[in-house]
Amino acid sequence: MNRVKQNPKIPENINASAENPLSEFALMLAGVIVAIVIFVVIISFSIGLLAPLAPFSWEQRITELYSQSIDTGEIESAEFKAAEQALIELGNEVSQSIDYPEDMVFHFHLMEESTPNAFATLGGHIFVTTGLLRYTSTENALAMVLAHEMGHIKYRHPIQALGRGVLFQLMAVLITGNQGSTAVQSLLSQAGMLTLLSFNRDMEREADAEAVSALLKRYGHLAGSDEFFSRMLAEQGSTEWLEMFQTHPDVETRLTEIQQQMDSVETQSVTIPLDVRLSALID
Amino acid sequence: MDALIQILIFVLLLGLGYFFGRRAERKHYDSIRKHEDELRHVVVSSERTPDREALGHDFDLVAGSVVISVDYFKTVAAGLRSLFGGRVRAYESLLDRARREAVLRMQHQAQALGSELIINTKFETSRISGNAGQGIGSIEVLAYGTALIASSK
């Protein structure tokens, strides 16, 4: 054996590739995202078909467990209780203009919270924040918000959202299993979240349409119904609006749609002022 | 909004990982090549027994160990790779660097002992898991061998 006197120069790029990792990364990322989007679309579509078939009483049974904790909050002032009562009365009146299944029940709640928001959840529970009242100077505007949320419940959107969320989490765990890094898992859920958001837009439209028809039925016109959206849009820069943006995307488009319908109906109509019990709470 | 912020953070981490990871890798390769040239006279072989002319030499154990951390970009790239299968190129360069650096350190040690030949070179690789058991945190590569030292007598 002849001993070498020097270490040979190792040729580069045999054990490691000189290729830029970005192109490989982009290709894999695109592949994963396409797969996720397809999967989420299929799942969401089938949930949209199946979830409304679940009896409403199932939803109620889920929320019964939590309704106790909703009620036992802080000690509410008499003023707040009166305002909540006014909200419940208005909600019940508006619900008469909505055609909903017999077994469905609406529960209205007022929330001490400065962010203007309203949401509907399982079991027919509708929450309105006190912050939202600052954006609704007329009964018509508040009725629009309430009718919109009742529209969500009528079309069983909360249970669809729940079903999609659960299935989506399940999928993320199934795909990545224990091997996938947390980073990839969060990536997957982000891709899915965005797909779900676009589905929510359709839900918002559906609820808007229901609200518009309910208001037409109740007041005979749509005057004042766009107030909440207009005023939210006017404050686009504020963080409150940004928060609103995540649950209610596309505010501008929806506002235009509502305003178009307003134009088609008679506009020389008078709005009804907000109940004093509610307006008292704003100041 | 929440989703948007999370995506931004993710992209930022990815960008930082890519930028600094690439920079560190380029610098490391430059330094590896430079030191390999400097230490070319310390011959590293995998021969298990010394050849005839080295029979009277002293010998000593020499070792070089390196710990290298993976960056965020590599972690994500490897995570995606684990869905598709195939060569994990992101980790290949990492291990290549670690192996070559470990050999260099072993050569340094041999040089300090006055040796110009290391035989029976072996490698060990282990993972230092510091990432709550998820993915690879950092790796250690250990190179060790027998340095033959020409006796002074």
Side-chain angles (χ1 to χ4, degrees), chain A residues 1-10 12-33 35-36 174-197 200 239-249, chain B residues 1-4 6-7 9-10 13-14 17-18 21-22 25 29 32-33 36-37 39-45 47 50-54 72-84 86-87 89-97 99-100 103 107 116-118 131-136:
Chain A
M1 186 196 98
N2 285 319
R3 212 186 101 193
V4 287
K5 293 292 170 208
Q6 276 217 321
N7 266 330
K9 204 172 170 77
I10 317 164
E12 294 288 333
N13 303 327
I14 287 183
N15 286 327
S17 153
E19 197 183 311
N20 190 311
L22 272 187
S23 54
E24 182 196 14
F25 186 80
L27 195 68
M28 289 194 294
L29 194 64
V32 167
I33 288 176
I36 296 293
L174 281 180
I175 288 188
T176 54
N178 287 325
Q179 311 167 35
S181 62
T182 36
V184 174
Q185 257 175 14
S186 90
L187 176 81
L188 290 179
S189 41
Q190 294 308 331
M193 281 290 285
L194 285 184
T195 320
L196 285 181
L197 257 184
N200 289 342
T239 50
E240 289 174 338
W241 184 83
L242 284 176
E243 246 175 87
M244 190 67 192
F245 182 75
Q246 59 167 340
T247 46
H248 290 62
Chain B
M1 203 57 215
D2 238 26
L4 208 63
Q6 279 195 33
I7 288 179
I9 291 175
F10 176 72
L13 284 175
L14 210 61
Y18 179 72
R22 285 290 276 187
E25 189 153 296
Y29 266 125
I32 286 173
R33 277 190 281 268
E36 274 177 357
D37 283 339
L39 287 166
R40 224 162 267 293
H41 62 282
V42 182
V43 176
V44 179
S45 99
E47 198 66 36
D51 57 0
R52 205 173 293 274
E53 63 181 275
Y72 193 75
F73 179 82
K74 284 189 195 306
T75 313
V76 177
L80 283 175
R81 200 25 107 191
S82 73
L83 299 179
F84 294 97
R87 280 177 69 179
R89 291 196 176 83
Y91 285 167
E92 281 179 354
S93 63
L94 196 75
L95 278 154
D96 185 48
R97 276 157 61 195
R99 266 191 310 266
R100 286 166 77 172
V103 169
Q107 283 174 301
E116 295 202 327
L117 174 63
I118 302 167
N131 213 355
Q134 287 164 332
I136 292 174

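We use all heavy atoms of the structure for the numbers below, so side chains are in, but hydrogens, waters and symmetry mates are not.
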Evaluate the criterion ring pair (Phe, Tyr, Trp, His ring centres under 6.0 Å) for residue pair Phe25(A) and Phe73(B); output intermediate values, then yes/no. CA-CA 9 Å; Phe25(A) 186 80; Phe73(B) 179 82; 4.8 Å; yes
Crowding at CZ, Arg52(B) (>12 non-hydrogen neighbours, <6.0 Å): no
Are the side chain of Asn7(A) and the backbone of Glu36(B) linked by a donor-acceptor contact shorter than 3.5 Å? no
pair Asn15(A)-Arg100(B): side-chain heavy atoms closer than 4.5 Å: no
Gap separating the [atom1] atom of [X] from the [atom2] atom of [Y], nearest 0.5 angstrom:
X        : Y        : atom1 : atom2 : value
Met28(A) : Ser82(B) : CE    : OG    : 9.0 Å
Glu24(A) : Arg89(B) : CD    : CZ    : 5.0 Å
Leu29(A) : Leu14(B) : CG    : CG    : 8.0 Å

Can you say whether [X] sits under 4.5 Å from chain A via the side chain, the backbone, both, or neither, judging by heavy atoms?
X        : result
Arg33(B) : side chain
Leu95(B) : neither
Arg81(B) : both

Please give me the minimum heavy-atom distance between Tyr29(B) and Ala16(A), naming the atom from each residue. OH-CB, 3.7 Å
Based on non-hydrogen pairs under 4.5 Å, which of Arg40(B), Arg22(B), Glu92(B) is most in contact with chain A? Arg40(B)
